[in-house]
Amino acid sequence: MPVFDLYSKRQKKLRGEVPDIYQYDDIPRELRVQIIHIWEDAFSNNSGGYIQYGNELVHEVYRQINNILCREYGLFELLEDADSQYRDALVSFFLSSGTDKALDIIELSFRFVALVAGSSDYQVRVRPLLNPDEAIEELNQRFREQGIGYQFESDKLIRIDSQLIHAEVVKPALNFLSDVRFKGANEEYLKAHEHYRHRRYKECLNDCLKAFESTMKAICDKRGWTYSPTDTASKLIDVCFKNGLIPSLLQSEFSALRTTLECGVPTVRNKLGGHGQGAQPTTVPSYLASYLLHLTATNILLLVEAEKELP
């Protein structure tokens with residue numbers, strides 16, 4: 001179902017009441033109810049999920065989501081006396097959960113939207129009102145409307161700080177990394193986002209560097225360029241430059257670029273997240289972790305797009 005541009009929404013925009021700064025600490029009830037509506041349209045073809053044809057598949061989806069959450073949270077039931085209505089239990093639990101658990105439920109449920117409800121068998125037998133792409137697009141649009149700084153990408157909730165940077169840098173980088181040849185880099189970059197969402201900023205820096213290095217190794221493997229599996233980022237950059245990843249005629253113009261690549265992600269990670277912290281604990285501020293996430297995506301985009309231009 002499309003997101004309607006209602007009169008009240010237009011008036012809020014005119015009054016300047018639309019949030020222009022993302023927040024991460026509260027998932028408002030209005031948004032939770034909108035997400036429940038998306039579930040119902042993505043999992044079934046009738047509001048509430050109660051349909052005659054294919055109903056057992058809808059019931060099974062809600063049952064599996066319930067079982068995963070119960071096991072992970074150490075519960076026997078999400079809701080007592082739910083009369084085996086797994087949808088009702090999930091809805092009630094979601095509406096009353098704190099922010100972290102609400103985000104868990106959103107991420108898990110939309111993985112089911114993408115992987116289970118998106119299967120050809122499910123689509124034929126249930127004929128849900130929304131296909132997975134439509135459901136995920138509506139979810140992300142609802143996040144933007146409410147000024148909530150998350151997006152569902154690559155089967156995970158990604159925390160974002162700027163819609164422009166996310167659209168122009170992070171999302172294209174994830175698209176490139178979805179190629180099977182970049183599987184390792186993709187896993188590491190998504191882990192970095194996961195650490196960032198949970199405020200594990202040192203771990204975020206570590207996985208940023210891993211993703212950066214893995215991208216260069218994947219390019220070297222694709223091109224048959226020799227490197228050692230233990231090579232650090234600076235050595236991998238040297239291999240890429242020596243093999244003309246950046247055209248030789250332009251390398252003098254890109255001396256500052258090389259410095260940025262060598263001193264950006266690797267240096268920040270090594271100083272703040274990669275070695276023993278000594279007697280005094282090292283604190284990594286959130287803004288620096290955000291910077292490294294975006295810088296890593298920018299570097300990955302540069303390297304992969306440069307490789308695509310090679311003969």
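All values below were derived from every heavy atom in this structure, side-chain atoms included, with hydrogens, water molecules and symmetry-related copies excluded. Note that the numbering runs from 1 along the sequence shown for the chain.
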Roughly how far, to the nearest 0.5 Å, is the [atom2] atom of [Y] from the [atom1] atom of [X]?
| X | Y | atom1 | atom2 | value |
| --- | --- | --- | --- | --- |
| Leu236 | Ser234 | CG | OG | 8.0 Å |
| Ile27 | Ile106 | CD1 | CD1 | 5.0 Å |
| Ile35 | Arg142 | CD1 | CZ | 10.0 Å |
| Leu90 | Asn66 | CG | CG | 5.5 Å |
| Asn299 | Phe212 | CG | CZ | 4.5 Å |
| Glu145 | Glu30 | CD | CD | 8.5 Å |

Can you check side-chain contact (heavy atoms from CB on, under 4.5 Å) on Phe76 and Cys70, steps first, answer last? CA-CA 6 Å; Phe76 288 114; Cys70 285; over 6 Å; no

Tell me if a side-chain donor or acceptor on [X] pairs with a main-chain N or O of [Y] at a distance below 3.5 Å.
| X | Y | result |
| --- | --- | --- |
| Asn243 | Val239 | yes |
| Glu107 | Leu157 | yes |
| Glu134 | Asn131 | yes |
| Gln151 | Ile158 | no |
| Tyr24 | Ile160 | yes |
| Ser44 | Asp41 | no |
| Arg87 | Tyr62 | no |
| Gln123 | Val126 | no |

Mind checking side chain to side chain contact (heavy atoms under 4.5 Å, CB included) for [X] and listing every partner two or more places apart, or none if nothing turns up?
| X | result |
| --- | --- |
| Thr226 | none |
| Arg71 | none |
| Ala117 | Phe43, Tyr122 |
| Arg63 | Glu60, Asn67, Tyr86 |

Donor-acceptor pairs are to be reported for all side-chain atoms of residues 97-105 against protein atoms at under 3.5 Å, with residues two or more places apart or in another chain.
| unit_1 | atom_1 | unit_2 | atom_2 | d |
| --- | --- | --- | --- | --- |
| Ser97 | OG | Phe93 | O | 2.5 |
| Thr99 | OG1 | Asp25 | O | 2.8 |
| Asp104 | OD2 | Tyr73 | OH | 2.7 |

Should Val304 and Val180 be counted in the same cluster of Ile, Leu, Val, Met, Phe, Trp and Tyr side chains packed under 4.5 Å apart? no

Transitively linked via ILVMFWY side-chain contacts under 4.5 Å: Ile65 with Leu115?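 In one cluster: no.
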
Heavy atoms of other groups near Lys156 NZ, more than 12 under 6.0 Å: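 Yes, NZ of Lys156 has more than 12 neighbouring heavy atoms, counting only those of other groups under 6.0 Å.
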
Does Lys183, at its NZ atom, have more than 12 non-hydrogen atoms belonging to other residues, nucleotides or ligands within less than 6.0 Å? no

Can you give me the closest heavy-atom contact between [X] and [Y], atom names plus distance?
| X | Y | result |
| --- | --- | --- |
| Ala306 | Leu245 | CB-O, 3.7 Å |
| Ala42 | Pro128 | O-CB, 3.2 Å |
| Gly118 | Pro132 | CA-CG, 3.4 Å |
| Met216 | Ala233 | CE-O, 3.8 Å |

Could you give me the CA-CA distance, side-chain angles and deciding distance for Ser178 and Ser154, then say whether side-chain contact (heavy atoms from CB on, under 4.5 Å) is met? CA-CA 8 Å; Ser178 64; Ser154 300; 5.8 Å; no

Residues Lys217, Glu213; criterion salt bridge (charged side-chain N to carboxylate O under 4.0 Å, His left out); working and verdict: CA-CA 6 Å; Lys217 289 179 180 179; Glu213 292 176 343; 5.3 Å; no

Under 6.0 Å between ring centres, would you say that holds for Phe182 and Phe176? no

Determine, using ring centers only, whether Trp39 and Phe112 are less than 6.0 Å apart.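 No, the ring of Phe112 stays outside the 6.0 Å limit from the ring of Trp39, centre to centre.
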
Contact check, side chains of Leu174 and Leu190, non-hydrogen atoms, under 4.5 Å: yes

Does a side-chain heavy-atom distance below 4.5 Å link Thr296 with Leu209? no

Thr215 vs Leu177, test: side-chain contact (heavy atoms from CB on, under 4.5 Å). Steps then yes/no. CA-CA 8 Å; Thr215 299; Leu177 293 179; 4.0 Å; yes

Trace of the side-chain contact (heavy atoms from CB on, under 4.5 Å) decision for Leu293 with Tyr189: CA-CA 8 Å; Leu293 273 175; Tyr189 189 58; 4.0 Å; yes

Scan His193, Lys191, His195 and name whichever one has a side-chain hydrogen bond (donor to acceptor under 3.5 Å, both in side chains) with Asp207.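 It is His195; the other options fail the test.
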
Can you confirm whether the side chains of Tyr227 and Asp221 place a donor and an acceptor under 3.5 Å from each other? yes

Phe143: which residues meet the ring pair (Phe, Tyr, Trp, His ring centres under 6.0 Å) condition with it, sequence neighbours left out? none

